[in-house]
Protein chains: 2
Amino acid sequence: MLFHFRTKFPQLNAYWERYLEFQKRLDIPAKTTLLEEGKKSLNYIFIERGCVRSFFNNNGEDKTVQFFFENEGLASFDSFVNDVPSQFTIETIEPSIVYLLPKKYVTQLMEELSAEPDFLKMILQIAAQRQTHYINEFVSFIRDTPEQRYEKLLKDRPHIVQRVPQHYIAAYLGVSTVHLSRIKSKLAKGKDHF
Amino acid sequence: MLFHFRTKFPQLNAYWERYLEFQKRLDIPAKTTLLEEGKKSLNYIFIERGCVRSFFNNNGEDKTVQFFFENEGLASFDSFVNDVPSQFTIETIEPSIVYLLPKKYVTQLMEELSAEPDFLKMILQIAAQRQTHYINEFVSFIRDTPEQRYEKLLKDRPHIVQRVPQHYIAAYLGVSTVHLSRIKSKLAKGKDHF
DNA sequence: TCAGATCGATAACATATGTTATCAAGTTTA
DNA sequence: TAAACTTGATAACATATGTTATCGATCTGA
């Protein structure tokens with residue numbers, strides 16, 4: 001959320017910068033856990049370098065739900081705001097450099113921001129956009145085949161396909177690793193005709 | 001959103017009531033369109049009696065994404081807030097009585113509400129909960145089979161199964177009508193063992 | 001640098017799901 | 001009230017997808 005504020009409303013950057021000093025820098029290897037499923041979210045996470053995923057455990061199996069990359073920020077929003085346990089684990093995919101801003105300062109920063117004129121409008125705008133994002137993820141399952149979802153991913157967010165191991169992507173698309181492999185080889189054959 | 005405010009924060013009811021007079025009451029038959037895909041959302045809709053669905057058109061086929069019932073309010077949130085065309089059509093399933101509150105008054109009401117202490121917290125709470133709802137819809141496709149999704153629907157929101165025609169539910173679950181019929185008959189057989 | 005993990009492709013088979021067609025029982029409407 | 005539409009079940013067949021197993025290519029840590 002903070003990430004979206006800063007990128008969409010640059011006039012808020014001054015607020016943000018006053019909190020830089022409270023951030024803790026972490027230089028961590030791949031597969032490092034930043035937040036564990038079932039625990040409360042205590043930090044806003046900003047990614048300077050690397051990438052992370054959020055996933056949950058389903059009968060012993062990882063099910064990846066989302067990917068984040070450089071210059072993106074995240075928190076388990078519901079856990080953070082409503083103080084409930086996180087549904088998801090957050091862990092690095094690549095060796096990464098991340099910054100953590102403790103919840104206490106985020107709350108304080110939000111209070112400050114609320115003094116800004118039109119802050120309500122900005123909140124609503126961003127909340128609506130985030131909501132639309134998740135609705136679209138969900139609609140995509142109703143509307144598209146796994147193959148179409150993969151093609152859209154390739155087109156709209158190619159960096160995911162390039163940097164994320166395939167079995168994470170398979171779970172995110174809702175198919176088995178074997179089937180994602182089949183989809184790829186089918187699409188590759190299609191292109192051979194040229 | 002307004003609906004959630006009122007039910008979760010009853011101290012805001014007084015604000016709401018001042019706007020009752022601006023609502024237009026509609027007594028309409030089934031299959032009446034309240035908002036058309038591609039047009040901008042102009043009203044907040046409150047359902048007194050009946051039920052409605054939101055859906056989109058995909059190559060000539062209806063794809064239902066959500067259902068709403070008595071005492072629920074809705075608007076195409078993104079369309080409403082960000083003033084973009086709605087992705088979805090909203091139409092009645094049963095003969096219904098609904099109230100429409102024009103956007104102008106909603107905006108005004110939100111402005112008023114923002115004077116209320118802790119309004120920011122309320123907004124964030126509700127936005128987080130709505131977001132969680134849609135994330136869960138999406139996660140359900142990653143985690144569950146269509147059969148499991150149907151069973152959860154039956155358990156968590158049985159009124160949907162009771163009142164909504166099956167082909168709308170099939171689309172919502174992401175399966176063909178034929179397959180939903182198979183799922184139902186399979187589950188019925190399972191229960192015969194008692 | 002080597003042994004074990006990770007990652008991805010593929011085959012063979014089983015199961016799940018879609019498509020099309022048909023039938024029957026309501027509902028709605030002219 | 002008859003005709004047209006809506007709703008839902010089912011069969012037969014085609015296709016999509018999951019599961020398990022195997023192989024090879026990297027990658028990674030002691």
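Every heavy atom of this structure was used, including side-chain atoms; hydrogens, water molecules and symmetry mates were not. Within every chain, numbering begins at 1; the chains are lettered A, B, ... in the order of the sequence lines, protein sequences first and strands thereafter.
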Practice task
Enter the distance from A:Phe46:CZ to A:Arg6:CZ here, rounded to the nearest 0.5 Å.
Solution key: 5.0 Å

Exercise for the section: Give the rounded distance in Å between these two atoms: NE2 of A:His167 and P of C:dC7. Expected result: 4 Å

Handout entry: A:Lys184 side-chain N/O to C:dA9 phosphate OP1/OP2 under 4.0 Å
Key = yes

Completion exercise
Here the distance between atom C1' of D:dG29 and atom NZ of A:Lys31, to the nearest Å, is 13 Å

Exercise for the section: Examine A:Tyr134 together with B:Tyr134 and report whether their ring centres are nearer than 6.0 Å. Expected result: no

Exercise for the section: May I ask you to check whether A:Phe22 and A:Tyr99 place their ring centres under 6.0 Å from each other? Expected result: no

Handout entry: Value in whole Å for how far the P atom of D:dG24 lies from CD of A:Gln166
Key = 19 Å

Exercise for the section: Could you run through nucleotides 15-22 of chain C and give me one letter per nucleotide, 5' to 3': B if any protein heavy atom sits under 4.0 Å from the base, S if only the sugar-phosphate is that close, - if neither? Expected result: --BBBB--

Exercise for the section: Take B:Glu112 and B:Phe119 through the test side-chain contact (heavy atoms from CB on, under 4.5 Å) and record every step on the way to the result. Expected result: CA-CA 10 Å; B:Glu112 277 192 37; B:Phe119 185 62; over 6 Å; no

Problem - Pair A:Glu94 + A:Lys31: basic N to acidic O under 4.0 Å - result: no

Completion exercise
So CZ of B:Phe55 and CD of B:Glu91: to nearest 0.5 Å the spacing works out to 4.5 Å

